[in-house]
Visitor: 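Attaching a single structure in C-alpha cells format; questions to follow.
If you're wondering where the values come from, they're calculated on a predicted model, not measured in any experiment. Here is the naming used below: chain letters follow the sequence lines, and residue numbers restart at 1 for every chain.
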Amino acid sequence: MKATNLYAPTLRESPAEAEVISHKLMLRAGLIRKAAGGVYSYLPLGWRTIRKIQQIIREEMDAAGGQEIAMPIIQPSELWKESGRWEVYGDEMMRMKDRHGREFCLGPTHEEMITALVRDEVRSYKQLPLMLYQMANKYRDEIRPRFGLMRSREFIMKDLYSFDRDEEGMNVSYQKMYDAYAKIFTRCGLEFRPVEADNGAIGGGHSHEFTVLAQSGESSIAYCGGCDYAASDEKAELKVIVEAPEDALPLEKVETPDAHTIELVKDYLQVPIEKTIKAVAFQDDDERLILAFVRGDHEVNEVKILNAVEGALHLHMAEESAIVAAGGCPGFMSPIGLKPGTVVLVDSTVMEMHNAVAGANEKDFHYKNVNPKRDFKDVIVTDLRMVKEGDPCPRCGAPLKMTRGIEAGQVFTLGTKYSQSLGATFLDENGKEKPLVMGCYGIGVGRTMAAAIEQNNDEHGIIWPRAIAPFELVVVPVNAKNGEQLSYAERVYEELKAAGVDVLLDDRTERAGVKFKDCDLIGYPLRITIGPKALEENVIEVKVRKTGEVLSFTKESYLREVRELLKKL
RNA sequence: CGGGACGUAGCGCAGUUUGGUAGCGCACCUCGCUUGGGACGAGGGGGCCGCAGGUUCAAAUCCUGUCGUCCCGACCA
C-alpha cells in the first residue's frame, strides 16, 4: 500500500468530544470517525487493525474446535419472549417494528438466536460437543456510551456458543475457550489478567473476565500477590473477619443528635469505625425494600446483594417513604425493630462483631453494645462487602492488591438456562431427552483495539504491538520529489513486500517532519527512512517506534534484521 | 434517567456579559520557494453561529422550546 492511495486523515488536535487517550488517538490517527453517539465508522487504518485482531481470534477459535457462522442482526421478538428476556432486557435493547407491526430487535447478543438455530437440528448426543461462533455487530442502547470504542452502542463482538451433553463436557469446552482467550490476548501483544467474574444478567454458572490492564479502565480487579487468585471487584470473595471475643454487654439506646452518617456517629460516640455498623437501603424493580448492613468502614457490593436476594434484577437507592414504611429511620437504620417481612441482609463480618454501634430506627438515636448474633432476628447473612486493597486473599490469606483494567472478553458457563426455556434438547445413548448444556464466550473486538492503544502509547501517539498494527513497517523517502530517493524507497518497499512484511510506502510529497509526525502518531512499529544520509552511506536506517532507537543495516542484511526485529515487537 | 458543561468553517477556539449582520490558528486550493522532526511568502475558497419559535428597527449575542455532544452516577464486550 502506498500512502498516496491511503485514506488516513490525521488531526493535529484532538476533537473536544474525546476524553480518554485511546479515543483521542483513534480520532487523531484517522482510525475511526463518529457517526452518532456511540456509533463509529472504521477508516482504512482502523479497519486493518480490526481485521488483524479478528484473524487472530478466528485462528484460535478454529484451533479450539469452533466453526464460524453468521447470524442475523435483526431478530424476531418471539425468540426473546420465549426466553423471557424481551421484558428483562429493557431499554438497552434497540427495538423496531416492520411494516406489518411485527416486533424485532437489533441483537444485543445471540443466545436466543443460536439456541433456536441448533435446537431444530441437533437431535443426538453423537452431534456433540458443538462450538459455533460469529463476528457480528451487536447493539446495546447503553445508558451512557462513552470513551469512543470502549463503550459504544454498536460494536463488533466475537461470540462463540458451546453445546455439550453434560456439565463435564461443558467444563471441557469452557477450559478450551479459556485457554484460547489467553492465547488470543497474548498474540495481540496485550498485558492482561483472567479474573473470576460475576455472571450478571446473562445467568448460568461460573465466569472469567479477561481484563487488559490499564489505569483508564472501567473495571477494577483484585489479585493476590501470594497465589494466583484474581477476581473482579464485584466477584472477589472475602474472608469473614472474626473479631476478638468480648462479653456481650446489655443493649443500650443512646442519643446521637444529628449523627446521621457513620462518620458523625463514630466521632460523637468516640468509637473506632470498626465498631460501627452502617446500612444501605435499596429497592428492586418491584419496589421491594432491601436493607444491607456492613461494618462502618466497609462498602456494600450491589452485585452480591442482587445474588443474595431471589428475584431481584436491578437495584436503586430506596425512597425515604419505603424505609419509613418498613419501620426504619433514614440515617439511623438498624436491623433491630423493623417490621416483619423486611428483607434484611447482613454481611458475615458484621455477625462476628461484639458490642458494636448501630442505628436505633429512631431519629437521633443509636444502640450501643449491639451483638448481632444475639440481637438480629430474621436476617440473611452472607458476604456483602466490596473488596478493598489489603483485604486477605480468600485462598491464601495474603493481602489482595487492586488494579484497573478494560474488560475485553468474558467466558461464561450457561448450563441449561437457554436450552430449557427454548426447548433445545437431544437424545442420549439411552434414548432419553436432555437439555443441551451451554457456554458462551465473547470478545469485544473494537474494545480490544481501544485497550491495546490505552496500554501502548506515548506523547507522540500510538505504539502498536506488531501483531495488530495497521502496517508493520513504513518506508519513508525523506523527499519524495527527489527521484533517486523515491525510486530507492520503492525498491526497498517492493523487497519488503516480497519478503512478506506488511509494509506501507509513505510516498507523499509532504515535508519529512510532517511524515515523521504522522508515522509516530499512527504508531507503525518500524520505520525505514530513505534520505540523503542513507543513500550516501549506502545503509538502510530502521527506527523502532517503541524504543526510539535507530539501527543501520547493510542492504544485504536488512531484510533478515527487520524480520528479527518484528518478531520481538 | 438524575446532576453539570457545551453546540460559531474539516479540527482547535475567540466573539455572547453590554444586540449593529462573523473572526483567529491549523487544515484545504493556486503560485513561488523549501525538504532528516508538524517551514516560509503571496493570493484564494469555505460558515442558515445546532434547529424552531419569540422579543427588537436590528439577534451568534436576549427569552422560550427542542435536538445533539461531553463529563459524573446506576449497566456491560
Visitor: Taking for each residue the nucleotide of RNA chain B with the nearest heavy atom, is it A/Ala16 or A/Thr10 whose nucleotide lies nearer the 5' end?
Guide: A/Ala16

Visitor: Quickly work out the A/Phe147 CZ to B/rC71 C1' distance and round it to whole Å.
Guide: 8 Å

Visitor: Between A/Lys304 and A/Ala236, what is the shortest heavy-atom contact and its length?
Guide: NZ-O, 2.7 Å

Visitor: Using a strict threshold of under 4.0 Å (side-chain N to carboxylate O), is an ion pair present between A/Lys235 and A/Glu209?
Guide: no

Visitor: Is A/Gly409 touching bases, backbone alone, or none of the nucleic acid, heavy atoms closer than 4.0 Å?
Guide: sugar-phosphate

Visitor: Check the phosphate of B/rG10 against A/Arg33, side-chain N and O only, distance under 4.0 Å to OP1 or OP2. Yes or no?
Guide: no

Visitor: Show, in sequence, the C-alpha distance, side-chain angles and deciding distance for A/Glu218 and A/Arg146, and conclude whether the salt bridge (Lys or Arg N to Asp or Glu O under 4.0 Å) test is met.
Guide: CA-CA 11 Å; A/Glu218 292 184 279; A/Arg146 60 181 152 170; 3.1 Å; yes

Visitor: Expressed in angstrom and rounded to an integer, what is the separation of A/Lys543 atom NZ from B/rG37 atom P?
Guide: 10 Å

Visitor: Is A/Arg140 close enough to B/rC75 that one of its side-chain N or O atoms is under 4.0 Å from OP1 or OP2 there?
Guide: no

Visitor: Tell me whether the OP1 or OP2 atom of B/rG3 has a side-chain N or O from A/Arg144 closer than 4.0 Å.
Guide: no

Visitor: Can you tell me if A/Phe155 is stacked onto the base of B/rA77, using a 5.5 Å centroid cut-off and an angle below 30°?
Guide: yes

Visitor: Considering heavy-atom distances to RNA chain B, does A/Glu407 or A/Glu541 have its closest nucleotide positioned more toward the 5' end?
Guide: A/Glu541

Visitor: Let's test this: given Watson-Crick or G-U wobble pairing with both distances under 3.5 Å, identify the partner of B/rA5.
Guide: B/rU69

Visitor: Is the distance between the ring centroids of A/Tyr178 and A/His208 under 6.0 Å?
Guide: yes

Visitor: Ignoring backbone atoms, test whether A/Arg511 places a side-chain nitrogen or oxygen under 4.0 Å from the OP1 or OP2 oxygen of B/rG38.
Guide: no

Visitor: Using atom P in both nucleotides, what's the gap between B/rG19 and B/rA58 to the nearest angstrom?
Guide: 15 Å

